Each structure stands twice: as C-alpha cells, then as structure tokens.
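Below is one structure, written out as structure tokens; the observations come after it.
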Amino acid sequence: QQHLMNLTNADSSPFVISVPHKDGEKWILTKHILFAKGSGSYTLLQTDQGPHMLSINLGKLCEKLDPEQFRRVHRSYVVNLRRIDFLHKS
C-alpha cells in the first residue's frame with residue numbers, strides 16, 4: 001500500500017512522497033514530479049526518473065501537494081508548474 005509522507009520543507013509544504021516499490025517503498029522528491037494523470041482509483045505519477053502507479057485517486061494526491069507548485073489543469077491531470085518549459089499556443 002502506498003503512503004504519502006508528511007515530511008515538509010521550511011514553508012510547511014510537503015516535499016516528498018513515498019510510493020510502493022518491488023523491494024519496499026521509494027521516496028520521491030516532489031521537485032522530480034513532472035505530472036500526474038488520474039484514472040479512477042489510481043494515479044500515474046510521471047517523474048524525471050520514470051513512471052510510478054499509485055493506488056490513490058488524483059483528488060487525494062492533490063490534497064497532499066503544494067498548490068503553489070502543482071496545478072490541476074484538467075480533471076485527469078495535475079502538472080508541476082516549476083517543471084514547465086514551454087506553453088504551446090493553440
């Protein structure tokens with residue numbers, strides 16, 4: 001089972017989450033998260049180190065992430081604003 005860690009940085013926002021791994025649990029710094037894609041009860045967390053499937057819905061994950069750093073841009077997607085390099089005008 002996947003757990004969200006309560007470790008915080010100086011401004012009290014979470015900066016690490018724990019995800020299940022074949023050998024136990026892996027901690028991921030939120031600065032490495034590129035985006036999250038929700039699908040029902042699961043969320044695909046895409047990091048610069050690869051994808052991780054979480055057994056938590058996107059809404060619950062959003063509650064744990066810093067709103068200054070992460071933005072829900074669609075009902076199924078959350079992006080890390082600090083990792084955006086370019087916005088394409090359509």
Side-chain angles (χ1 to χ4, degrees):
Q1 180 176 354
Q2 164 266 323
H3 305 279
L4 297 176
M5 300 302 295
N6 290 325
L7 299 176
T8 58
N9 60 19
D11 66 0
S12 298
S13 57
F15 70 87
V16 69
I17 61 172
S18 175
V19 299
H21 189 265
K22 64 179 180 175
D23 298 325
E25 300 206 17
K26 180 177 181 178
W27 289 11
I28 297 175
L29 295 174
T30 56
K31 70 181 183 179
H32 293 297
I33 298 171
L34 304 174
F35 66 89
K37 179 183 179 186
S39 180
S41 301
Y42 296 91
T43 300
L44 174 69
L45 191 67
Q46 183 64 49
T47 71
D48 52 15
Q49 299 145 347
H52 304 277
M53 186 59 75
L54 308 180
S55 58
I56 185 173
N57 68 42
L58 190 59
K60 293 287 186 190
L61 178 63
C62 285
E63 292 173 7
K64 304 295 183 185
L65 297 173
D66 179 0
E68 295 293 318
Q69 183 177 355
F70 293 90
R71 182 75 36 93
R72 195 161 190 170
V73 296
H74 181 271
R75 68 180 199 184
S76 299
Y77 286 91
V78 170
V79 297
N80 185 343
L81 298 173
R82 297 180 184 157
R83 299 301 301 263
I84 296 173
D85 293 326
F86 180 80
L87 291 175
H88 185 269
K89 187 178 6 177
S90 56

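Below, all heavy atoms of this structure are taken into account, side chains as well, without hydrogens, waters or symmetry copies. Just so it is clear, the structure is predicted and the values come from calculations on it, not from any experiment.
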>> Does Lys60 form a side-chain contact (heavy atoms from CB on, under 4.5 Å) with Leu54? I'd like the steps, not just the answer.
In response: CA-CA 11 Å; Lys60 293 287 186 190; Leu54 308 180; over 6 Å; no
> For Leu34 and Asn80, what are the C-alpha separation, side-chain angles and deciding distance, and is it a side-chain contact (heavy atoms from CB on, under 4.5 Å)?
Replying inline: CA-CA 5 Å; Leu34 304 174; Asn80 185 343; 5.9 Å; no
Joint hydrophobic cluster, [X] plus [Y], side-chain heavy atoms closer than 4.5 Å:
| X | Y | value |
| --- | --- | --- |
| Phe86 | Phe35 | no |
| Phe70 | Val73 | no |
| Tyr77 | Leu65 | no |
| Ile33 | Leu81 | no |

> In this structure, are over 12 heavy atoms from other groups packed under 6.0 Å from Lys26 atom NZ?
Replying inline: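 Correct, the count exceeds 12.
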>> Any non-hydrogen side-chain atom of Ile28 less than 4.5 Å from a side-chain atom of His52?
In response: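 Answer yes - side chains close enough.
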>> If you define the side chain from C-beta out and look only at heavy atoms, does anything of Ile84 sit under 4.5 Å from Val79?
In response: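 Ile84 reaches Val79 side chain to side chain.
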> Considering all heavy atoms of both residues, which atom of Gln69 and which atom of Thr30 are nearest to each other, and what is their separation?
Replying inline: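 So the minimum-distance heavy-atom pair works out to NE2-O, 3.6 Å.
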Please list every donor-acceptor pair under 3.5 Å in which a side-chain atom of residues 37-47 meets a protein atom from a residue at least two apart or in another chain.
unit_1: Thr43; atom_1: OG1; unit_2: Ile56; atom_2: O; d: 2.7
unit_1: Thr43; atom_1: OG1; unit_2: Leu58; atom_2: N; d: 3.2
unit_1: Thr47; atom_1: OG1; unit_2: Gln49; atom_2: N; d: 3.0
unit_1: Thr47; atom_1: OG1; unit_2: Gly50; atom_2: N; d: 3.2
unit_1: Thr47; atom_1: OG1; unit_2: Gly50; atom_2: O; d: 2.7

> What pairs with Asp48 under side chain to side chain donor-acceptor pair (under 3.5 Å), at least two apart in sequence or on another chain?
Replying inline: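 Only His32, Arg83 meet the side chain to side chain donor-acceptor pair (under 3.5 Å) criterion with Asp48.
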